[in-house]
Colleague: 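The structure's right below; bear with me while I get my questions together.
Computation of the quantities below employed the complete heavy-atom set of this structure, encompassing side-chain atoms and omitting hydrogens, waters and symmetry-equivalent molecules.
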Amino acid sequence: MQVRGLFLLLLMLILLAATTEAGKNKKEKAKKDGSKCEDWRWGPCVPNSKDCGLGYREGTCKDESKKLKCKIPCNWKKKFGADCKYKFESWGGCSAQTGMKTRSGILKKALYNAQCEEIVYVTKPCSSKIKSKSKAKKGKGKD
């Protein structure tokens with residue numbers, strides 16, 4: 001009976017040592033793959049095809065280089081790029097002279113140290129439709 005208990009204890013110690021060693025190997029691999037460089041310079045996101053969708057961006061630091069996957073949304077304003085995020089005001093009134101509405105955006109965040117303008121202006125054609133707010137509630141008051 002004691003031999004069986006001793007055997008089980010020895011087996012548990014071997015398993016514990018093996019799992020601890022495996023954990024160390026994974027950590028060492030992660031350190032080897034990681035870079036010690038902290039001053040990475042990242043380029044713009046370059047789509048794989050056309051002008052939006054999945055792509056990659058290249059980064060360099062001293063003599064090292066890396067590629068990261070990235071994505072440019074297809075509905076994003078091409079003028080600003082996908083790395084510049086802006087906080088926009090409400091649309092202004094319609095200009096009778098130009099038939100356009102204008103609004104401005106202030107830079108909120110520049111990803112990957114992108115070169116972004118501090119303030120941008122956007123225009124769009126005025127809507128020819130007149131939106132009216134219905135005061136009557138649909139579906140209510142029917143007998």
Side-chain angles (χ1 to χ4, degrees), residues 4-143:
R4 185 187 283 173
L6 185 60
F7 178 73
L8 287 174
L9 180 62
L10 186 59
L11 184 61
M12 286 177 35
L13 287 174
I14 291 171
L15 287 174
L16 181 63
T19 56
T20 305
E21 193 64 33
K24 286 181 185 177
N25 289 341
K26 285 182 183 178
K27 288 180 184 177
E28 288 173 7
K29 282 184 183 179
K31 287 181 182 177
K32 287 179 186 175
D33 292 341
S35 174
K36 292 181 182 178
C37 191
E38 295 179 8
D39 192 28
W40 284 93
R41 302 280 182 214
W42 296 99
C45 185
V46 179
N48 293 332
S49 63
K50 298 187 181 180
D51 58 352
C52 63
L54 295 176
Y56 66 93
R57 77 174 72 246
E58 293 184 0
T60 58
C61 184
K62 297 180 184 173
D63 58 347
E64 295 181 57
S65 63
K66 285 185 183 180
K67 280 187 177 182
L68 291 179
K69 292 180 183 178
C70 62
K71 181 179 179 183
I72 296 177
C74 290
N75 64 348
W76 188 246
K77 310 291 186 273
K78 310 293 189 287
K79 179 180 173 185
F80 311 132
D83 296 335
C84 303
K85 305 295 181 192
Y86 292 92
K87 172 75 175 160
F88 285 94
E89 299 176 345
S90 299
W91 287 102
C94 185
S95 170
Q97 296 168 337
T98 62
M100 304 287 269
K101 291 181 182 182
T102 306
R103 71 176 178 172
S104 62
I106 299 172
L107 182 65
K108 189 168 82 170
K109 185 189 287 187
L111 302 175
Y112 297 100
N113 300 323
Q115 300 296 320
C116 303
E117 295 180 41
E118 288 294 321
I119 299 175
V120 293
Y121 297 94
V122 185
T123 58
K124 73 175 185 178
C126 297
S127 174
S128 59
K129 298 177 185 175
I130 299 173
K131 295 181 181 178
S132 61
K133 294 183 180 178
S134 174
K135 292 184 180 178
K137 294 183 181 178
K138 294 181 181 177
K140 300 278 183 178
K142 291 184 179 178
D143 291 319

Colleague: Can you tell me how far the CG atom of Asn48 sits from the CD1 atom of Ile72, to the nearest 0.5 Å?
Modeller: 10.0 Å
Colleague: Could I get the full list of side chain to side chain donor-acceptor pair (under 3.5 Å) partners for Thr60, not counting sequence neighbours?
Modeller: none
Colleague: Let me check something: any side-chain donor-acceptor pairs from residues 110-124 under 3.5 Å, sequence neighbours excluded? List them with distances.
Modeller:
none

Colleague: Mind checking salt bridge (Lys or Arg N to Asp or Glu O under 4.0 Å) for Asp39 and listing every partner two or more places apart, or none if nothing turns up?
Modeller: Arg41
Colleague: Could you list the residues that satisfy side chain to side chain contact (heavy atoms under 4.5 Å, CB included) with Lys67, not counting sequence neighbours?
Modeller: Tyr56, Glu58
Colleague: Which residues satisfy the side chain to side chain donor-acceptor pair (under 3.5 Å) test with Ser65, sequence neighbours excluded?
Modeller: none
Colleague: Is Arg57 reaching over with its side chain to a backbone N or O of Gly43, donor-acceptor style, under 3.5 angstrom?
Modeller: yes
Colleague: Rounded at 0.5 Å granularity, tell me how far SG in Cys45 sits from NZ in Lys71.
Modeller: 10.5 Å
Colleague: What orientation do Trp42 and Trp40 show, parallel under 30°, tilted 30 to 60°, or perpendicular over 60°?
Modeller: parallel
Colleague: How close do Gly92 and Lys101 get, counting heavy atoms only, and between which atoms?
Modeller: O-CG, 3.8 Å
Colleague: Taking atom CD1 of Ile106 as the centre, report whether more than 12 heavy atoms of other residues, nucleotides or ligands fall under 6.0 Å from it.
Modeller: no
Colleague: When you compare the side chain of Ser104 with that of Glu89, does any pair of heavy atoms fall below 4.5 Å?
Modeller: yes
Colleague: Which heavy atom of Cys61 sits nearest to which heavy atom of Glu38, and what is that distance?
Modeller: SG-N, 4.3 Å
